[in-house]
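First up is the structure itself, then whatever we jot down about it.
The sequence lines fix the lettering, A, B, ..., with proteins before strands; numbering per chain opens at 1.
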Protein chains: 2
Amino acid sequence: MRADAQRNAEKLRAAAAELFQERGLQVPLKEIARRAGVSHGTLYNLFGTREALIDAVVADGAARRLDEVAQQALSHDDAWEGFAHYVERLCELQATDPAVAAVVGGRYPDAERLMAVCARSMEAARRIVRRAHEAGVLRPDFTNADLVFAFAANALLARATADAAPDAWRRQVTYLLDGLRTEAARTPLPAIQPTERQVREALRSLGEA
Amino acid sequence: MRADAQRNAEKLRAAAAELFQERGLQVPLKEIARRAGVSHGTLYNLFGTREALIDAVVADGAARRLDEVAQQALSHDDAWEGFAHYVERLCELQATDPAVAAVVGGRYPDAERLMAVCARSMEAARRIVRRAHEAGVLRPDFTNADLVFAFAANALLARATADAAPDAWRRQVTYLLDGLRTEAARTPLPAIQPTERQVREALRSLGEA
DNA sequence: AGGTAAATTGACAGCAGGGTCAAGTTCGAT
DNA sequence: ATCGAACTTGACCCTGCTGTCAATTTACCT
């Protein structure tokens, strides 16, 4: 790769990082090119697709943050506190960082690295849920799929209210958590459980909404 | 109004009703015209804006359904059961009927009749919340704004998962409700409360998401 | 039946975004 | 310093939507 191409790629990565954070991962590619001071043709040359650019720019950061919260959760003495903090912190990350929201929501199924991060973080979530279940603090009818959808709902709400009421999601999460304690379980759940396939499918289509 | 215009308006209303239900209120106006068998110019002639068409086609139905569930809630003997059923049924309506979702979410702020229905149904919601509070069954820190955002989150989730996991929202609602009982309240809520203004603003921007 | 106001039509313009590529420019190996 | 390959550029096309309007057709009143 020639030195000028290097430089341009760097400028594009920097511009993308800014704009992804400011305006979300769906920001028009032309704007990224504009902010980087190069033609959009160059962006297509160097990265080809939005997904490739995303992978190059935000995958690592998202992975780091997600690992960190999962780590904290598992190392917490109290299984409930670990779980609850995990949910809260992850929701906060989603509200704060569009890349994390994209990972957790499985948007951009064609972004390879992002999806790898998604898989990795779902595995961590499973462990955290299992630990809370085994400690008897998390209601037993709560499933991993439920957690995925809870995160999805939070991401959607946080995004939708980001401008006008940026903390609206916090109270919702509190209510949810209080409803997830073993002792809180009073209402029997609808029996219909989504299959693994449905969860994947649903996440995939989250992006379009 | 001439007889042919009458007929065309009728055809357009019918086509719009179908397509709004099938594909949501954001369905392209040209498609509505196509299904009605008239030119899209005619649609603009007769209705002018999407909002006017929505008002003409779905406002009454949505109002009726919303009134009905509110009525049922208030006439339930048990304040908790009334409240819980209300939340569940309203969420179901949102998942089922794009018009109700639009009303509750305050999308289409320019659709006058829809917004009137929105105001009316928020008033009903306030009464239902008050009743549950007064009976001591609903946790006292739960506010009307929280209910609005809970519905918003549900609508977003239901829409996003409509194809792949159409019942995903049900379990989430169950968890939420179990977290809303007075006895379930264990975690103190974040103190930040959105103002009335913020709630309106946030709803307004829901549409864009 | 005829005239005119009302209504319909579809071509057209505009906007926003994705994506391509021939022509021109720049790098850097020799 | 030169030359070919690598790279950049921006005009261009496409798609999908909204919205407008001059020309035409149609209803209906007399």
(Q) Just the rounded figure in Å: distance from P of D/dA6 to OH of A/Y44. (A) 24 Å

Q) Between B/S39 and C/dT8, does any side-chain N or O lie under 4.0 Å from OP1 or OP2? A) no

Q | Whole angstrom value for the distance that separates P of C/dA16 from CZ of A/R23 | A | 12 Å

Q: Please check if atom NE2 in B/H76 has more than 12 non-hydrogen atoms from other residues, nucleotides or ligands closer than 6.0 Å.
A: yes

Q | Nearest-Å distance for atom pair CD1/P, residues A/I54 and C/dG18 | A | 11 Å

Q.
Can you tell me which nucleotide in C/dC27, D/dC7, C/dA7 comes closest to the side chain of B/A5?
A. C/dA7

Q. Would you say B/V58 and B/L53 make side-chain contact, with heavy atoms under 4.5 Å?
A. no

Q. Looking just at side-chain N and O atoms, do B/R181 and A/T187 make a donor-acceptor pair shorter than 3.5 Å?
A. yes

Q. Between atom NE2 in B/H40 and atom C1' in D/dG16, what is the gap in whole Å?
A. 13 Å

Q: Please report, rounded to the nearest Å, how far the P atom of C/dT8 is from the CE atom of B/M1.
A: 7 Å

Q) For B/L29 and D/dT18, what is the distance between atoms CG and C1' respectively, to the nearest whole Å? A) 8 Å

Q) Closest nucleotide of DNA chain D for B/R7 versus for B/Q26: which of these residues is on the 5' side? A) B/Q26

Q: Give the rounded distance in Å between these two atoms: CD of B/Q6 and P of D/dA27.
A: 14 Å

Q. Out of C/dG19, D/dC7, D/dC28, which nucleotide sits closest to the side chain of B/A3?
A. D/dC28

Q: Side chain of A/K30 only, please: which of C/dG18, D/dA27, D/dT8 is the nearest?
A: C/dG18

Q.
Tell me the interatomic distance from A/E31, atom CD, to C/dA16, atom C1', rounded to whole angstroms.
A. 11 Å

Q. With a non-hydrogen cut-off below 4.0 angstrom, is A/N45 in contact with a base, only sugar-phosphate, or nothing?
A. base

(Q) Distance alone, cut at 3.5 Å: any donor-acceptor contact between the side chains of B/N8 and B/T42? (A) no

Q. Picking from D/dT18, D/dT8, C/dG18, which would you name as closest to the side chain of B/R50?
A. D/dT18

(Q) Quick check: closest heavy atoms across A/R107 and A/A101, and the distance to 0.1 Å? (A) NH2-CB, 3.8 Å

Q. Looking only at side-chain N and O atoms, does A/R2 come under 4.0 Å of OP1 or OP2 in C/dA29?
A. no

